[in-house]
Structures are given as structure tokens and as C-alpha cells.
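First comes the structure, then the notes that go with it.
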Number of protein chains: 2
Amino acid sequence: MDRFLILLDGPWATLIVRELLHGPRRFTQLREALSGISAHTLTNRLRKFEQHGLVTRTAYAETPPKVIYELTPLGTSLRNVLNAMNDWGVAVPDTAVMLAAPAETLANPLR
Amino acid sequence: MDRFLILLDGPWATLIVRELLHGPRRFTQLREALSGISAHTLTNRLRKFEQHGLVTRTAYAETPPKVIYELTPLGTSLRNVLNAMNDWGVAVPDTAVMLAAPAETLANPLR
DNA sequence: CAGAATCCTGGTTGATACTG
DNA sequence: CAGTATCAACCAGGATTCTG
């Protein structure tokens, strides 16, 4: 599991893999799907994944150029973990996280 | 799932929750279990968890003082996700991750 | 024992401008 | 289209020192 934490470092890393679980994607497709991510960040994450064997990068020498990113079997094996995260996020009501702080603090005399 | 990524930010966050899944722990117990973590980091993560309702903090006014951290039901509900991570780490052979990098890295000095 | 206070580093991320 | 280059900000994390 330590390995998981190293490979999927940062908030975007996980989201990128999740997107690629839907199938091969082009660079621009990923940028659009992950609204808010910068080209800089997306490139860095993809390079890291590539180095660790999670994704493959295929470039086509056309004009305009086309690059396809695809999960390797290793990358695809992350599906279960990503699903578990998703299930948790769906199952937990918003109020549970949002309204948690104040009451706890008051119930605790020492602090 | 986005919420998961925000709450369990950084490598230590996940490891701390995993340790608390084994039961309530004292501050020092956590430090020993998570060899290498600084008091600074441990305190910060625990405070964040407390604010978001993942753990409860109970302080006993003794000498020496004693503080117990315990997962709330919300925190315990993370068990499935943590298990999924663990399963992945165990299932993936070391070689799959280790041998994917070196050639790429040397040929491609990104920085 | 369980922190708090302070200073500092490294890595992720963004913004912008530019290229094959 | 798919990046690269550069500058800069934020935050997790570490090291150290010091309390109640």
C-alpha cells in the first residue's frame, strides 16, 4: 500500500487514472475531462505514470500530432481501489463531514 | 471521492488512519507505530481529522498526561478503501513497478 | 507525555508564453 | 495538438527548541 501512496501522490494523480479507466484518451481529452488541470501538471503526472509502468504513451507523427495515453494492466489493476474511494465518497453524506467539527470541540472539556 | 482525496492528503494521512483502524491509540503509540513521522506532522494530521469528524480526541488530566485518539464511525468507514489499497500493494509484484522506471528515467531527464 | 512555536525544504500545482 | 520553459504559490513534512 505504501507503493500506492507514492504513485498516486497529489489530488490529480488519482483523478487522471480514474479517467483513463474509461479507456484510452488523448491529451486534450484528458484536459477537458479534468476541468481545471493545467497542461503542466497533466504532463508531469502522465510522465510519472509512464515511468512507473501505469500508462503507455503512443505518439502519432501527424499534423496535427496525436498522442494516446492508455492504462497498462498494472494501471488497470487500480480499478478496485478507485472504486472503493468512489463508493466511500458517495456513501458519506455531506453533512457528516461538514458539520462535524464544532460539537466535538465543545463536548471535550480539556483542550 | 473528491472528498477522500482532500481528507487523506499526503502520504502520512492514510497511514495514520490505517493505524487507528486497529483500535484507539495514544499519541506516542502512533509515533512509534509510524516510524519516521515527526510530532509536528502527526499533530497536524490528527487535528485535521478531528475537524472533519474522522477521529475523536480525548485528553485525560493526569501526570503524565494521556491523550487517546479514536476513529469515529465516519473514520471507520474508510476501512474498505484502505483495504483495497493494501490488497493492491500486496498483489502487485515488486518487479512490475521497480523495473518499469530506470531506462526511461535515464534517457529522459525531466527537470 | 503530548504537544506548541518557529524556521526551513521539497514537491505538486497553477499561470503565462512559446514551439514543432 | 501536445507539449516545453519559466516564474511563483501553497502545503505536507522535517528539525529543533521549549513547555504544562
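Lettering follows sequence order; numbering is per chain, from 1. Small disclaimer: the values here were computed from a predicted structure and weren't measured.
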With a cut-off of less than 4.0 Å, is there a side-chain N or O of [X] near OP1 or OP2 of [N]?
X       : N      : result
A:Lys48 : C:dG11 : no
A:Arg26 : D:dA2  : yes
B:Arg57 : C:dG3  : yes

For DNA chain C, the residues among residues 27-44 of chain A that have a non-hydrogen atom under 4.0 Å from it: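 Those residues are A:Gly36, A:Ile37, A:Ser38, A:His40, A:Thr41, A:Asn44.
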To check you understand the geometry: which heavy-atom pair defines the closest contact between [X] and [Y], and what is its length?
X       : Y       : value
B:Val17 : B:Leu71 : O-CD1, 4.1 Å
B:Arg18 : B:Leu82 : CB-CD1, 4.1 Å
A:Leu7  : A:Phe49 : O-CE2, 3.6 Å
B:Ile68 : B:Pro24 : CG2-CB, 3.7 Å
A:Leu42 : A:Arg31 : CD2-CG, 3.4 Å

Any donor-acceptor pair under 3.5 Å linking the side chain of [X] with the backbone of [Y]?
X       : Y       : result
B:Gln29 : B:Arg26 : yes
B:Arg3  : A:Val92 : yes
B:Thr41 : B:Ile37 : no

Decide yes or no for B:Ile16 and B:Tyr69: does some side-chain heavy atom of the first lie under 4.5 Å from some side-chain heavy atom of the second? no
Gap between atoms [atom1] and [atom2], on [X] and [N] respectively (whole Å):
X       : N      : atom1 : atom2 : value
B:Leu5  : C:dT12 : CG    : P     : 15 Å
A:Lys66 : D:dG3  : NZ    : C1'   : 17 Å
A:Arg47 : C:dG11 : CZ    : P     : 19 Å
B:Ile68 : C:dC1  : CD1   : C1'   : 12 Å
B:Asp9  : D:dA12 : CG    : C1'   : 8 Å
A:Phe49 : C:dT12 : CZ    : C1'   : 12 Å
B:Leu46 : C:dA2  : CG    : P     : 11 Å
A:Trp12 : C:dT13 : CH2   : P     : 8 Å

Per the end-axis method with five pairs at each terminus, what is the bend angle of the helix from C:dC1-D:dG20 to C:dG20-D:dC1, to 10°?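 Inter-axis angle at the ends, rounded: 50°.
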Toward the 5' end of DNA chain C, by each residue's nearest nucleotide, A:Pro65 or A:Arg45: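 Mapping each residue to its closest nucleotide by heavy atoms, the 5'-most match is A:Arg45.
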Considering only side-chain heavy atoms of B:Val67, which listed nucleotide, C:dT13, C:dA2, D:dG3, is closest?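 Of C:dT13, C:dA2, D:dG3, C:dA2 is nearest to the side chain of B:Val67.
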What's B:Tyr69 touching, base or sugar-phosphate or nothing? Going by heavy atoms closer than 4.0 Å. sugar-phosphate
